[in-house]
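Everything below concerns the one structure shown next.
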Amino acid sequence: MTTSVLVAGATGDLGQRIVRELLTHDTRIRVLTRPGSASAAGLYAANDRVDIVTAEYTDHAALTQAVSASDVVVSAVSGTRPVIVDAQRALLAAAVAAGVPRFIPSDYSSDYRQIALGTNRNFELRREFAADLDAAPIKVTSVLNGAFADMLTGTAPMIAFGRRKVMYWSSADQILDFTTKDDVARVVALVALDPDSPRVVEIAGDRVTARSVAQTMSELTGTKFTLQWAGTTGTLSAMAKGVRRLSKSEDATFPAWQGMQYFVSMFSGQAQLHHVDNDRYGSHAWTTVRDVLAAHLASQPEVAAAAGK
């Protein structure tokens, strides 16, 4: 039986991957886009299994019509309060009004449920919206996956490739959860097809520590990578608050201070996943942190050279 899936945020990086995975199954996809946007048409107009529907998130009637007759709404939107809270609240209200059976919110993160107040803005926005989800008369499944593994080679300065150091805060043995976006998208598609999915599905493509990452980098490069203590998570949290006060990027999704807050959540252990179920949908060859780092070194000769390979 064909499953009708509406995807919000389908033109984003993760959203495109989710649509691609959904299309490997017996699905009919609706891609939600705002009026006047050409991005969705450029990506999906040629695919006869994808329908493009338009609606402003502020237009409840149009949004309800857009999601109607869907078996599940998958949100892959990205942003701050206007998106994660306001837009998703509108999308949830439309799904409930249209009688959509299930909703998958744009969580795709570490476990935000136990973090201390004021320590991670993006997680707190997800927790705020989760209260709406839990009160709504609709079946909800959140996918929690730790951090995206590309953080290790991109936005997060945990690995100083040129200095052959791996940074850590408080403990070098704190467990850190990482999953690639492709692995996340695969699971989201399977959750969308699973009417019996629980409230939360936890996955982790790999579970590492700063110590094990240093060992992995040493093995991949043939050069010793050492650990560098960067302070406590309490100190880092205070620094993040200070940088935030001076920042002009309050509305940015991932400013420097938000990256600092993410490390606070991870290295404090508050955001660690405790009920990982990687086998829920069968065995799978998950992409490991070692795989990600090896691919990065292979594709970036200058990085590999600086790291000593």
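Sequence positions, counted from 1, serve as the residue numbers for this chain. In this text, all values refer to a predicted model and were calculated from it rather than measured experimentally.
When only modelled atom types and interatomic distance are considered, H284 and D183 share a side-chain donor-acceptor pair under 3.5 Å. Of the N and O atoms on the side chains of R102 and T141, not one donor lies less than 3.5 Å from an acceptor on the other residue. Q114 and Q272 are not linked by any side-chain donor-acceptor pair at a separation below 3.5 angstrom, with hydrogens and angles left out of the test.
Under the 3.5 Å distance criterion, the side-chain polar atoms of T179 are matched with a main-chain donor or acceptor of G205. Using a distance-only test at 3.5 Å, with no hydrogens or angles considered, no donor-acceptor pair links the side chain of D177 to the main chain of R207. Between the side chain of E21 and the main chain of V187, no donor-acceptor pair closer than 3.5 Å is present. R199 places no side-chain N or O within donor-acceptor distance of the main-chain N or O of D134, the cut-off being under 3.5 Å. Proximity of a side-chain donor or acceptor of S37 to a complementary backbone N or O of T33 within less than 3.5 Å is not detected. Formation of a donor-acceptor pair under 3.5 Å by the S268 side chain with backbone atoms of V264 is found in this model. A donor-acceptor pair is defined here as one N or O able to donate and one able to accept, closer than 3.5 Å; no such pair exists between the side chain of Q228 and the backbone of V166. A distance-only check finds no donor-acceptor pair linking the side chain of T235 to the backbone of G231 [under 3.5 Å]. Formation of a donor-acceptor pair under 3.5 Å by the S265 side chain with backbone atoms of Q261 is found in this model. Between the side chain of D194 and the backbone N or O of D196, at least one donor-acceptor pair lies under 3.5 Å.
Within the structure, the side-chain hydrogen bond (donor to acceptor under 3.5 Å, both in side chains) test picks out the following pairs touching residues 67-78 (sequence neighbours left out): S75-Q88.
Side-chain contact between Y57 and R34 is present, with heavy atoms from C-beta onward closer than 4.5 Å. With contacts defined as side-chain heavy-atom distances shorter than 4.5 Å, the pair I138/L92 qualifies. Looking at heavy atoms from C-beta onward, L193 lies in side-chain contact with T27 at the 4.5 angstrom threshold. Counting only heavy atoms from C-beta outward, the side chains of S218 and R164 never approach each other to under 4.5 Å. Side-chain contact check for D182 versus R20: some heavy-atom pair is nearer than 4.5 Å.
Between F123 and Y262, the gap from one ring centroid to the other is short of 6.0 Å.
One finds the CZ atom of R113 at 9.5 Å from the CG atom of D107 (value rounded to the nearest 0.5 Å). Atom OG of S106 is separated from atom CZ of F129 by 9.5 Å, given to the nearest 0.5 angstrom. Atom CD of E202 is separated from atom CG of L144 by 5.5 Å, given to the nearest 0.5 angstrom. In this structure, the separation between CG on D51 and CG on L32 is 12.5 Å, given to the nearest 0.5 Å. The CZ atom of R244 sits 10.0 Å away from the NZ atom of K241 when rounded to the nearest 0.5 Å.
Ring pair F225/F161 is perpendicular by interplanar angle, where above 60° counts as perpendicular and below 30° as parallel.
Not counting sequence neighbours, the partners of D291 by the side-chain hydrogen bond (donor to acceptor under 3.5 Å, both in side chains) test are T288. By the side-chain hydrogen bond (donor to acceptor under 3.5 Å, both in side chains) test, E124 pairs with no residue at all, sequence neighbours left out.
Geometrically, R186 engages W286 in a cation-pi contact defined by less than 6.0 Å to the ring centre and at most 45° from the axis.
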